[in-house]
Amino acid sequence: MGQVAWKGLFLSFFDYKTEKYVIAKNKKVGILFRVVQLSLLAYLVGWVFVVKKGYQETDTSIQSSIITKLKGVAFTNTSELGERLWDVVDYVIPPQGENVFFVVTNLIVTPNQRQGTCPESFGIPDAECLKNSDCPEGEPVVAGNGVKTGRCLKTGAVNATCEIFAWCPIEKKKNPKIPLLGKAENFTVYIKNSIRFPKFDFSKTNILETDESYLKSCRYSKDDHYCPIFHLGKIVSWAGSEFQSMAIEGGVIGIQIEWNCNLDKPASECHPHYSFARLDNKERSVSSGYNFRFAKYYRDAKGNDYRTMFKAYGIRFDIMVTGKAGKFNIIPTIINIGSGLALMGAGAFFCDLVLLYLIKKSNFYRDKKFEDVKSASKMSLNVKVNGQPKSKSQNDLDQVRLQPLEA
Amino acid sequence: MGQVAWKGLFLSFFDYKTEKYVIAKNKKVGILFRVVQLSLLAYLVGWVFVVKKGYQETDTSIQSSIITKLKGVAFTNTSELGERLWDVVDYVIPPQGENVFFVVTNLIVTPNQRQGTCPESFGIPDAECLKNSDCPEGEPVVAGNGVKTGRCLKTGAVNATCEIFAWCPIEKKKNPKIPLLGKAENFTVYIKNSIRFPKFDFSKTNILETDESYLKSCRYSKDDHYCPIFHLGKIVSWAGSEFQSMAIEGGVIGIQIEWNCNLDKPASECHPHYSFARLDNKERSVSSGYNFRFAKYYRDAKGNDYRTMFKAYGIRFDIMVTGKAGKFNIIPTIINIGSGLALMGAGAFFCDLVLLYLIKKSNFYRDKKFEDVKSASKMSLNVKVNGQPKSKSQNDLDQVRLQPLEA
Amino acid sequence: MGQVAWKGLFLSFFDYKTEKYVIAKNKKVGILFRVVQLSLLAYLVGWVFVVKKGYQETDTSIQSSIITKLKGVAFTNTSELGERLWDVVDYVIPPQGENVFFVVTNLIVTPNQRQGTCPESFGIPDAECLKNSDCPEGEPVVAGNGVKTGRCLKTGAVNATCEIFAWCPIEKKKNPKIPLLGKAENFTVYIKNSIRFPKFDFSKTNILETDESYLKSCRYSKDDHYCPIFHLGKIVSWAGSEFQSMAIEGGVIGIQIEWNCNLDKPASECHPHYSFARLDNKERSVSSGYNFRFAKYYRDAKGNDYRTMFKAYGIRFDIMVTGKAGKFNIIPTIINIGSGLALMGAGAFFCDLVLLYLIKKSNFYRDKKFEDVKSASKMSLNVKVNGQPKSKSQNDLDQVRLQPLEA
């Protein structure tokens, strides 16, 4: 192209193109459009900015540390164990005071177990036998307590079981009806929670600094946020269950600590919110409850190992911390304003539909809005030339735009 | 401004502005545009709504509780320990049945350790010595077992080591080639998982309520979802490893339970999906395997402490629960429809490019689409006035729009 | 409708509508528009693509496994315990080497506790008494160590306390000023971390495969990423605290391992980044520190249980692994390009404002942009018909578009 063409192209690069608009002086559609604009504005300001705080930048990566400490003692007096005092060291497993801890509420104790041979317990299908060959030596009992020795012991003709090599005596199958440590209901747990939102470098704990005697005697209640000392029985009832019935077979309780902080307000208005839920399967069924077995190992004077096995039922408490902090930031503000403006376009689309198809004069507006152009000479222009109509092709029209009659 | 001006401004507020469109009766571009619109519609309905379920509100904050219980016994007979029966209490650490548990597969036992002095073991660089002054009293042995006492013991001239105060005798460095508890492969783990999606208040467990005997004897398989009793050897093989070789030095296996629930369907169609992966470094190297040391503490008749130390190798199982639930909600439906409509604009942009630059009559359409306006009197209008062409400036054109010849 | 009408409707379906534009040859606004376009392009390419890597698909669901192992011994010599060597088995709780572990730095030991009666300790409000009836039998002492027996013991007239049934003797209230295991500062922890990004099936560990002697003697430093053996005292100082003062009452330290991997680069450039923070409440107050109680249980020759109780103060280390991997993918690339193009519309909106309201000739451009149409016969067309001006209503104008004078 020549130099003039390049210059023309360069100059046309700096032309500004803007859409052409048609002003329809139809008050009904105009009012409808302003009403739509107003509702979108109300949605933008009311919902996006005020309720959802769209002008804030958020941080959901809360860093949290939990330290727990239980307090409480229970006294039991049974034929098996005699008089016994249970303190924190005895009934909390594990003792480290982390965010998951288990409180023993019921126990089956099998003391003085030693490695040796004894009959397998009743009710285990794989250990039922009629003769010695039903108990192959060395084969473990499926869902049992030991390995078969090769002998079938007739401890009563009907329920003969294999002899096994195991920790003897075997645990008896008992289903305790009353929780041994039902008094655990009155124990208390002290939950210390420190959180930090790294994006804003904001830290807080769930304890106000008060003197030691307050923290020793206060209890959490819905009104008293800043005393995180919880009564176990109340936790279970806030979770929708009853402590004494849950204590028979055990279960799992979730304690959720939620921190929703608006950092545009003072730090003192950032409170934790506690909620409680039962996490395991509530209904009494084959799969309900929570128990596990552990042992204390001893050695006698001859140096032989023996142990006391405990089948512990109880309530496990899982503490989960979640949170979200928000603080004003220019970027999400601009982005939300932009999205709001984009919605206005949807309002225009809707009003266009009304204008072009629904109202009385829609035909007229359609004609004004849509300019028909054809590339072939289908449309003629009746122009009088020297008194005679003359058809003009569209090509001529290219140069004829505002060139009416040539006299 | 005067009252009339205010009234004019007020009335003009209710005018409705709509873009002016040019209808190009070019069938090729028209068909192209409809094809683009159709593909975008197919994408919106097919991908966004059907595949990705864009009409649903989702909840990814799954609340989960896991209870595990292992079953199985193993019998060993070694010169060191004699005949021994290992049951769940012996080989699962910790015993609480949470979502992380360790199964011992191999052991080095150092019994009857007492506080005292003995030579440090060979192979520890910091304990190698030639004379007493190489072993300063009170200095801990780096990567060693005790503190130096100030004496260098010649237990053979070449490998003399410092005498240390430690739990003696020191553990011998052995690398067991055969896992002592290789039979752990046949143990089973029963995983009880209760989940809840708080946004929809939907709860489910991974166990169907069946009678106790079914759960005692069934095993998990890819077809039988509802029996969450897993054979440890099979878990390891589904994770791509072999139990007996993994059992020598230990490792970490991840069990992932995934709940993807479409709550618009019946609750019974919400199944957990189990997958298994080896989480630690597979290759045999300096950093492979998993072991730790623990001890059982005793007290003899004289009241002196002694302990048996165990170096336990084994497989740690980490159970991780993830999930997502979806349910129909009008808001994401509207948002996705809106985004789809916005994409139509992209289709129009592309077709504009074709119309204005790529087809044969593009020049014509460019002229029709872009209306040139100038603020200076560059464009003249040849209008005959009384037989003579008269140039009209643009200013005149402002009032002359549809005012042709004045005869 | 007739067949012709249907055919017309069908053909009009394939018409292509495009907006009409007005070209304003105003160089100032044109240049402003190009500048705005250029900044948006710079933002899109510079910020969205280069800095934020908008062309990549990301995976934030990192799967991680942690194995920890501590090393170090400490020698103490106290009147209570005598000479004692503490090794890993003694001071790390729990011993499993998971991602949370506790190191004992200070201890209060209460040996040889047996179940029996003794006076409750001073300083517990609920156990203060003047006469026997202040100590009802069987009532647990609130925040105490046992249950009241019904007797008030005058161990000095002023501080009389109830007799309780508990593990006796009770723990004495001591606040140790010097950490017993202050030498724990020199212990080291070896952190093995294997991660996997499931979406890209990419695995890596935080250890380079080198020979065993390197890993035995190296220490982590900011320059040496690939030696994850940390000196405990340095960890605490990198977290902004001082080990010896933290060791008196204990605390919680967080070790964060962050993996940000760009998988478009070689795998060897994917490094973990370690950061350290103190997670618990730093200030010395009623709620600072971290301690818990545990016991070792023994049985004497007569078969009676007794225990040694430990109140352990120490530092808990919580290891948290986070990560994000990115890899080029066509879909986010297209989506971000589309969003960038949408922003250009905002630029046009702004320039429209300038053109229509702010510059000198804005009136002119407003007239060109907005085409006034009225549905009533407000606007007349002065057209001469046979020498006389004739008013034409808009209805006539519908058919009169380019039909000027009828001679």
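These numbers were taken from a predicted model, which means no experiment stands behind them.
Of the two parts of A:Asp90, the backbone and the side chain both hold a non-hydrogen atom closer than 4.5 Å to a non-hydrogen atom of chain C. Contact annotation for C:Arg34: only side-chain heavy atoms (C-beta onward) come within less than 4.5 Å of a heavy atom of chain A. The parts of A:Gln96 that come within reach of chain C are both its backbone and its side chain, each placing non-hydrogen atoms under 4.5 angstrom from that chain. For C:Pro125, no part lies under 4.5 angstrom from a heavy atom of chain A. In this structure, the portion of A:Tyr306 lying under 4.5 Å from any heavy atom of chain C is its side chain and not its backbone. C:Ala295 touches chain A through backbone and side chain together, each having a heavy atom under 4.5 Å away. The contact between C:Tyr298 and chain A is made entirely by backbone atoms, counting heavy-atom distances below 4.5 Å. With a 4.5 angstrom heavy-atom cutoff, C:Val147 touches chain A via backbone and side-chain atoms both. Of the atoms belonging to A:Arg84, heavy atoms from both backbone and side chain fall under 4.5 Å from chain C. Looking at A:Ile66, the atoms closer than 4.5 Å to chain C (heavy atoms on both sides) all sit in the backbone: N, CA, C or O. For chain C, the nearby part of A:Ser64 is the backbone; its heavy atoms alone come within less than 4.5 Å.
Annotation: side chain of C:Arg293 is not in contact with side chain of A:Asp87 (no heavy-atom distance under 4.5 Å). Residues A:Lys69 and C:Asn291 are in side-chain contact: their nearest non-hydrogen atoms beyond the backbone lie under 4.5 Å apart.
Contact count versus chain C (heavy atoms, under 4.5 Å) is highest, among A:Thr68, A:Asn112, A:Val73, for A:Val73. Of the listed residues (C:Lys28, C:Met320, C:Arg316), the one with the most heavy-atom contacts under 4.5 Å to chain A is C:Arg316. Contact count versus chain C (heavy atoms, under 4.5 Å) is highest, among A:Lys183, A:Gln63, A:Glu83, A:Lys204, for A:Glu83. Contact count against chain A (heavy-atom pairs under 4.5 Å) is highest for C:Val252 among C:Asp300, C:Leu32, C:Val252, C:Asp126.
In this structure, OG in A:Ser61 is found 8.5 Å from CD in C:Gln256, a value given to the nearest 0.5 Å. Note that CZ of C:Arg278 is 9.5 Å distant from OG of A:Ser194, once rounded to the nearest 0.5 Å. The distance from atom NZ of C:Lys148 to atom CZ of A:Phe75, rounded to the nearest 0.5 Å, is 15.0 Å. To the nearest 0.5 Å, atoms CG (C:Leu279) and CD1 (A:Ile67) are separated by 9.5 Å. Separation of atoms CZ (C:Arg299) and OH (A:Tyr297) is listed at 13.5 Å; rounding is to 0.5 Å.
Few gaps surround NZ on A:Lys27; more than 12 heavy atoms of other groups in view lie less than 6.0 Å from it. Remark: A:Lys199 NZ is packed, more than 12 non-hydrogen atoms of other residues, nucleotides or ligands lying under 6.0 Å away.
Between the A:Lys192 side chain and the C:Tyr290 main chain, no donor and acceptor come within less than 3.5 Å of each other.
By the 4.0 Å N-to-carboxylate-O rule, C:Asp305 lies too far from A:Lys296 to be salt-bridged with it.
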